[in-house]
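Nothing fancy with the numbering, it's 1 onward along the sequence.
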Amino acid sequence: MRVVVSESGTAAAQVVADLVERFVASAPRPALGLATGKTMEAVFAELVRRHSEQGLSFARVQAYLLDEYLDLDHDDQSAYRNVVHRLLGGRVDMGPGAIHGPNPQALDVTAECARYERQVREASIGLQLLGIGANGHIAFNEPGSPLDSATRVVELSEQTRADNARFFPAGRSVPSRAITQGISTIGAAARLVLVACGEHKARAVARALEGPVTAEIPASALQRHPRVAVVLDRWASSGLARSAS
């Protein structure tokens with residue numbers, strides 16, 4: 001595991017964008033796993049800038065979402081497919097249908113979870129971007145999620161819903177359920193890149209990177225993966241006991 005500490009969130013986003021750019025430019029058929037959230041917004045903005053100013057192309061990219069809320073309309077702007085299209089896919093040269101995710105409107109969500117699990121596995125994700133929740137979750141794998149879990153429907157914790165309320169219009173309730181890739185599904189990607197910024201993430205980062213591997217801190221499963229890069233700003237790194245590059 002390589003840990004990189006940047007001076008700011010903007011600098012961290014540039015480091016992550018460098019990793020994505022090298023992957024997109026070099027992979028014959030780049031399958032890119034995308035996370036969402038505030039930290040990823042800066043990464044997406046930097047990738048869009050490189051596309052518009054430097055010609056970085058996403059024409060060959062197939063992108064796969066980590067998760068999606070249930071109980072939202074297809075055109076709801078808070079749905080992750082729409083968020084990723086608005087912030088990245090619709091602003092670069094991704095082809096039609098290049099953003100893949102679970103269908104939260106499926107009549108049989110159990111079958112839909114199995115379908116998306118197969119799709120992600122068959123895609124062979126080359127680079128998976130990840131955020132981390134303040135409670136140590138990755139994707140929507142909340143504390144207590146089995147480390148060998150696959151794509152499934154989950155109940156969101158009150159902390160996660162409270163943390164995500166800022167992404168919804170005032171007065172809107174955050175959905176209580178979602179479809180998420182499992183921890184095992186995420187771990188099947190060839191390379192993982194975990195990104196965290198802000199002092200409020202410091203404790204979760206320290207427990208995930210330096211504590212025991214445990215279902216109570218789902219992100220701790222990254223310790224078992226052979227190729228992980230962790231990109232932090234200095235505030236998110238403040239709880240680490242060991243120094244980083």
Side-chain angles (χ1 to χ4, degrees), residues 4 9 12-21 23-24 30-48 58 61-69 78-89 91-92 94 98-102 104 116 119-120 123 125-142 145 149 151 154 156 160 163-164 166-167 174-175 178-198 200-201 204-205 208-209 217-222 225 227-233 236:
V4 178
Q14 292 171 346
V15 172
V16 178
D18 287 343
L19 296 173
V20 174
E21 180 172 0
F23 170 69
V24 167
L32 177 64
L34 296 178
T36 50
K38 193 66 178 177
T39 303
M40 290 300 157
E41 291 180 9
V43 175
F44 292 165
E46 176 61 16
L47 292 173
V48 169
F58 292 83
V61 172
Q62 296 293 305
Y64 297 84
L65 305 184
L66 277 174
D67 41 31
E68 184 60 273
Y69 290 110
S78 297
Y80 284 153
R81 185 189 296 268
N82 296 329
V83 170
V84 170
H85 181 267
R86 183 171 67 250
L87 297 180
L88 181 64
R91 301 176 65 190
V92 298
M94 281 188 183
I99 299 174
H100 307 274
Y116 193 55
Q119 184 180 30
V120 170
I125 306 297
L127 183 69
Q128 175 67 62
L129 300 183
L130 296 166
I132 183 172
N135 63 2
H137 75 246
I138 49 172
F140 275 140
N141 294 284
E142 298 281 18
S145 295
S149 54
T151 302
V154 295
L156 303 181
T160 295
D163 289 346
N164 288 1
R166 57 186 170 153
F167 300 115
V174 178
I179 296 175
T180 185
Q181 288 186 34
I183 297 173
S184 175
T185 319
I186 293 167
R191 187 174 187 186
L192 307 178
V193 179
L194 178 70
V195 193
C197 295
H200 63 295
K201 297 293 181 72
V205 166
L209 303 191
I217 302 293
S220 67
L222 273 61
H225 196 281
R227 296 188 69 198
V228 179
V230 180
V231 183
L232 311 169
D233 69 4

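Partners of E142 by salt bridge (charged side-chain N to carboxylate O under 4.0 Å, His left out), not counting sequence neighbours: none found. Scanning for ring-ring contact (aromatic ring centres under 6.0 Å, His included) contacts around F23 gives an empty result, with sequence neighbours left out.
Classification of the Y69-Y80 ring pair by plane angle, with boundaries at 30° and 60°, yields tilted.
Using modelled atom types and a 3.5 Å distance limit, the side chains of D67 and Y116 yield no donor-acceptor pair.
Residues L129 and L66 approach most closely at O-CD1, 3.8 Å, considering heavy atoms. Residues V228 and V230 approach most closely at CG1-CG2, 3.9 Å, considering heavy atoms. When all heavy atoms of A12 and V231 are compared, the closest pair comes out as O-CG1, 3.6 Å. The two residues G89 and M94 come nearest to each other via the heavy atoms CA-SD, 3.8 Å. Heavy atoms only, all atoms of each residue included: L194 and G131 are closest at CD1-O, 3.4 Å. A139 and Q181 get closest at one heavy-atom pair: CB-O, 4.2 Å.
H225 places a side-chain N or O within donor-acceptor distance of the main-chain N or O of A189, the cut-off being under 3.5 Å. Using a distance-only test at 3.5 Å, with no hydrogens or angles considered, no donor-acceptor pair links the side chain of K201 to the main chain of G133. Within the 3.5 Å criterion, the main-chain N or O of I186 finds no donor-acceptor partner in the side chain of Q128. The main-chain N or O of P218 is never found under 3.5 Å from a side-chain atom of N141 such that the two would form a donor-acceptor pair. Between the side chain of R81 and the backbone N or O of I99 there is at least one donor-acceptor pair closer than 3.5 Å. The closest donor-acceptor contact from the side chain of Q119 to the backbone of H100 lies at 3.5 Å or more, if one exists at all. Judged by distance alone, the side chain of R227 and the main-chain N or O of A190 form no donor-acceptor pair under 3.5 Å.
Taking 4.5 Å as the limit, every side-chain heavy atom of T180 sits out of range of all side-chain heavy atoms of T151. Looking at V193 and V20, their side chains never come closer than 4.5 Å, going by heavy atoms from C-beta outward. For the pair L88/L47, a side-chain contact is recorded, criterion being any heavy-atom separation below 4.5 Å from C-beta on. Counting heavy atoms from C-beta outward, S78 and V83 have side chains that stay 4.5 Å or more apart.
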Step by step, work out the side chain to side chain contact (heavy atoms under 4.5 Å, CB included) result for I138 and L222.
-> CA-CA 10 Å; I138 49 172; L222 273 61; 3.7 Å; yes
Mind running side chain to side chain contact (heavy atoms under 4.5 Å, CB included) on I183 and S145 for me, showing each step along the way?
-> CA-CA 8 Å; I183 297 173; S145 295; 4.1 Å; yes
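Going from atom CG of L156 over to atom CG of N164 covers 8.0 Å, rounded to the nearest 0.5 Å. How far CD1 of I132 is from SG of C197: 12.0 Å, rounded to the nearest 0.5 Å. Rounded to the nearest 0.5 Å, atoms CG (N82) and NE2 (H85) are 8.5 Å apart.
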Could you tabulate the donor-acceptor pairs under 3.5 Å formed by side-chain atoms of residues 31-44, not counting sequence neighbours?
{"unit_1": "K38", "atom_1": "NZ", "unit_2": "E41", "atom_2": "OE1", "d": "3.4"}

